[in-house]
Visitor: 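Take a look at the following structure, please.
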2 protein chains.
Amino acid sequence: MYLNSGHSVTLKDVATRAGVSHQTVARVVNNAGKVAAETRVKVEKAIAELNYVPNRLAQQLAGKKILSIGFASIDISLHTISAIMAGIKDQAQQHGYSLAVSVMDGTDHQSCVRAVNELVEQRVDGIIINSLATHMSTEEFKQLNLSIPCVFLDADPNLNASQINHDQSQGAYLAAKHLLDLGHRDIAIINGPDQIRVCELRLHGWRQALTEANIEPTMVLNGAWDAQSGYDCASRLLSQGNSLSAILVGNDQMSLGVLRAISDRGLQVPHDISVVGFDNQDDCAFYHPPLTTITQDSGELGRQSVRLLLNQISEPSLDQHQKLANSIVVRGSTKALGEENGNKQLIESLMRQLNLALQR
Amino acid sequence: MYLNSGHSVTLKDVATRAGVSHQTVARVVNNAGKVAAETRVKVEKAIAELNYVPNRLAQQLAGKKILSIGFASIDISLHTISAIMAGIKDQAQQHGYSLAVSVMDGTDHQSCVRAVNELVEQRVDGIIINSLATHMSTEEFKQLNLSIPCVFLDADPNLNASQINHDQSQGAYLAAKHLLDLGHRDIAIINGPDQIRVCELRLHGWRQALTEANIEPTMVLNGAWDAQSGYDCASRLLSQGNSLSAILVGNDQMSLGVLRAISDRGLQVPHDISVVGFDNQDDCAFYHPPLTTITQDSGELGRQSVRLLLNQISEPSLDQHQKLANSIVVRGSTKALGEENGNKQLIESLMRQLNLALQR
DNA sequence: CAAGCGGGACCTCTCTTGAAG
DNA sequence: ACTTCAAGAGAGGTCCCGCTT
């Protein structure tokens with residue numbers, strides 16, 4: 001069933017079949033140098049017959065310049081990360097680079113090293129690193145001993161290397177400010193897991209806004225990024241009888257769970273409680289109600305990181321730090337405290353529904 | 001900043017530094033053969049000092065058996081596909097294979113060939129192909145001229161090659177059957193884009209169930225997989241004053257839009273209209289209401305495909321077809337037609353909410 | 001001195017063979 | 001007859017240089 005069982009067809013195989021030298025075949029394949037039309041046809045025929053595909057390993061080893069970059073990351077099935085990767089892929093391709101991906105099995109420093117090494121083994125021209133290794137210090141970074149250019153995503157800002165990230169703090173600040181501007185004062189926080197850099201930065205932004213307004217968050221909880229944990233945290237919050245009017249949530253998935261928990265208690269968002277998410281992921285405009293959230297363009301982050309890396313490749317001594325600003329998308333999950341207009345609408349809507357139900 | 005600017009550190013560099021032959025260094029690196037403890041230390045020191053990482057290209061070219069498989073796919077930022085990929089990655093690793101990924105830029109046959117070729121150039125041991133190339137015929141497949149083992153995901157069942165897929169038809173049948181069992185007869189369908197194999201198969205399954213019950217779908221629309229298009233289709237459906245009691249939807253994302261559209265019209269799911277989705281994606285248990293849907297284990301599909309490929313690699317002549325069955329997950333978005341129990345609950349819930357609102 | 005082709009060194013490893021201690 | 005190492009031949013390409021007409 002398969003031709004060439006064992007080893008693959010080589011340049012030389014094609015050459016002997018076409019009755020020319022291996023060099024002539026190379027000229028045809030690479031479209032370089034002068035080849036007689038007649039010879040070219042012969043060679044192309046042989047290539048087709050043998051189904052020859054050049055061996056990239058050999059090409060690269062022999063010194064042909066093949067541009068490639070690597071992406072070392074944690075779990076790429078996470079939505080945000082696969083969006084970043086799509087951006088990287090896109091921009092790399094645009095610049096004629098191919099992309100090699102290596103995923104880390106764990107969040108520890110060791111598996112980060114493993115993934116990066118896998119890329120170095122392939123001799124990529126540069127690496128984009130998306131590690132979760134909490135607080136990788138400059139020291140640990142040096143242990144990586146990178147001899148090729150690299151760019152970090154969401155790294156410790158103090159890390160002495162090229163890096164790019166969304167400005168988590170600023171985004172969180174925006175979210176909190178929005179609630180404050182609407183008059184909310186009893187605000188709870190449902191953050192992601194502790195010890196994660198992104199979470200700490202977001203918490204910092206939220207706190208800053210609240211402190212400026214001279215208030216303390218009612219409560220700070222930690223979820224696990226998923227809807228279920230958002231549901232659990234919110235349920236806990238509500239069952240404790242806190243008087244809260246708004247919740248800041250660490251991502252949209254947890255927000256979905258939060259919305260449900262509130263609704264399960266017979267309360268209404270935003271009339272009883274306002275909710276602000278984080279990420280602006282695909283579907284959150286269709287949540288019930290549509291979610292007010294912070295928007296992060298993950299694809300753009302990926303694209304920018306490639307540009308940064310390419311700079312670094314052509315100018316290795318240059319360390320750049322770049323931050324992407326976030327903005328807030330206001331939808332239906334937040335409203336001004338004490339605004340009665342909404343309540344009137346709510347009552348009307350409820351009566352309409354009740355009417356319908358009674359007719360059945 | 002970077003050591004060895006230009007070309008990377010080689011085995012020979014390490015050898016000269018350590019004052020031994022390149023072969024001795026190889027012994028240390030590969031942990032094979034006998035090396036005197038003293039020599040080993042010397043070599044290891046040199047490796048650390050020079051920061052040597054073996055060149056995988058050269059290793060592979062020189063005949064060292066490095067196991068690797070490839071995954072050629074369309075847009076890997078799609079949720080389902082990244083889940084499949086995670087499964088592939090996992091299972092490949094389990095068997096000591098590394099994974100190379102190549103994504104296609106388009107849905108045409110040409111970009112499929114490109115992506116596959118990229119993998120062949122790297123001399124992977126086998127390829128898993130997830131093309132959307134609508135109805136790739138056996139003829140076109142032969143044009144790929146694959147000289148290495150491969151497995152197709154979601155391919156044309158008539159394709160004469162190893163393949164694996166979820167049984168779309170069966171899953172869709174289940175969904176429709178569920179509605180029929182609940183007494184629904186006026187059923188609309190919102191499918192994915194036309195001409196896509198998966199969509200046709202699902203449509204086939206839905207139709208079959210309906211036909212067996214001697215009824216025709218009220219209406220069949222095509223969305224574009226995303227929530228917005230689900231919203232649009234459902235809006236169209238509702239504004240036309242069709243008397244429908246249930247909607248079958250091609251995926252969960254569109255279902256989310258459908259739920260919104262229904263609620264925006266002041267109607268209630270499931271009391272006025274039942275909705276069944278497809279995919280059982282992460283968050284749909286938290287939709288409003290929780291979605292009844294068909295569950296597909298994408299990770300399992302990925303893992304199985306690797307096993308199939310590995311079989312194929314060790315036994316090239318063997319073509320296998322495999323189908324993964326789906327099951328239905330019943331949640332809150334469906335209810336029996338005419339069942340009044342739910343209505344009573346609904347009325348109670350509405351009155352509670354109204355009460356709350358009036359107190360404000 | 002063009003255009004068209006071939007020879008051979010080299011890239012970095014692995015693997016085999018064989019010679020020292 | 002061990003252990004320990006070195007030398008050399010590929011693996012499949014690319015590139016530089018030279019050779020014919």
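Note that the coordinates shown come from a computational prediction; the quantities given were computed from them, not determined experimentally. Each chain gets a letter, A, B and so on, in the order its sequence line appears, and its residues count up from 1.
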Visitor: Could you provide the dot-bracket string of DNA chain D, using ( ) for intrastrand pairs, [ ] for crossing pairs and | for bases paired to another strand, with Watson-Crick or G-U pairs below 3.5 Å?
Guide: .||||||||||||||||||||
Visitor: Looking at B/Asn165 and B/Ala155, what are the two nearest heavy atoms and their distance?
Guide: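 Minimum heavy-atom separation between B/Asn165 and B/Ala155: OD1-N, 4.0 Å.
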Visitor: For B/Ala86, give me all partners under side chain to side chain contact (heavy atoms under 4.5 Å, CB included), at least two apart in sequence or on another chain.
Guide: A/Ser77
Visitor: Base, backbone or nothing for each nucleotide of nucleotides 14-21 of chain C, written B, S, -, heavy atoms under 4.0 angstrom, 5' to 3'?
Guide: BBB-----
Visitor: Please determine if a side-chain N or O atom of A/Ser21 lies less than 4.0 Å away from the OP1 or OP2 oxygen of C/dG6.
Guide: yes
Visitor: Of all the nucleotides listed (C/dT12, C/dC5, D/dG12), which has the minimum atom distance to the side chain of B/Asn55?
Guide: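 Closest nucleotide to the B/Asn55 side chain: C/dT12.
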Visitor: Any side-chain N or O of B/Thr39 less than 4.0 Å from the OP1 or OP2 oxygen of D/dC5?
Guide: yes
Visitor: Sequence neighbours excluded, which residues qualify as side-chain hydrogen bond (donor to acceptor under 3.5 Å, both in side chains) partners of A/Asn55?
Guide: none
Visitor: Would you mind reading off the distance between B/Arg56 atom CZ and D/dA11 atom P, rounded to a whole angstrom?
Guide: 21 Å
Visitor: With sequence neighbours excluded, tell me which residues meet side chain to side chain contact (heavy atoms under 4.5 Å, CB included) with B/Ala72.
Guide: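 Here the qualifying residues are B/Met104, B/Ala115, B/Val116, B/Leu119, B/Ile127.
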Visitor: Under the side chain to side chain contact (heavy atoms under 4.5 Å, CB included) rule, collect the residues that match up with B/Leu67, sequence neighbours excluded.
Guide: B/Lys65, B/Tyr97, B/Asp125
Visitor: Could you name each residue pair satisfying side chain to side chain donor-acceptor pair (under 3.5 Å) that touches residues 33-44 of chain B, not counting sequence neighbours?
Guide: none
Visitor: To the nearest Å, how far apart are B/Ile66 CD1 and C/dC13 P?
Guide: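 In whole Å, C/dC13 P and B/Ile66 CD1 are 11 Å from each other.
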Visitor: Without decimals, in angstroms, what is the distance between B/Gln122 CD and D/dA11 P?
Guide: 22 Å
Visitor: Atom NZ of A/Lys42 and atom C1' of C/dG6: how far apart are they, to the nearest Å?
Guide: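 Spelled out: NZ on A/Lys42 to C1' on C/dG6 is 13 Å.
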Visitor: Quick one: salt bridge (charged side-chain N to carboxylate O under 4.0 Å, His left out) pairs with a partner in residues 68-91 of chain A, sequence neighbours left out?
Guide: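 Residue pairs with at least one partner in residues 68-91 of chain A: there are none.
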Visitor: Do NZ/NE/NH1/NH2 and the carboxylate oxygens of B/Glu300 and B/Arg307 come within less than 4.0 Å?
Guide: yes
Visitor: Tell me, please, which residues at least two apart from B/Glu121 pass side chain to side chain contact (heavy atoms under 4.5 Å, CB included).
Guide: A/Val53, A/Arg56
Visitor: Can you check whether B/Tyr52 has a side-chain N or O nearer than 4.0 Å to OP1 or OP2 of C/dT12?
Guide: no
Visitor: Please confirm whether the shortest side-chain N or O distance from A/Thr24 to OP1 or OP2 of C/dG4 is below 4.0 Å.
Guide: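 Answer is no, no contact under 4.0 Å.
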Visitor: Atom CG of A/Leu61 and atom P of D/dG10: how far apart are they, to the nearest Å?
Guide: 17 Å
Visitor: B/Lys34 NZ to D/dT4 P: how many Å, rounded?
Guide: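 Going from NZ in B/Lys34 over to P in D/dT4 covers 7 Å.
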Visitor: A/Leu57 CG to D/dG13 P: how many Å, rounded?
Guide: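 Interatomic distance, CG of A/Leu57 to P of D/dG13: 10 Å.
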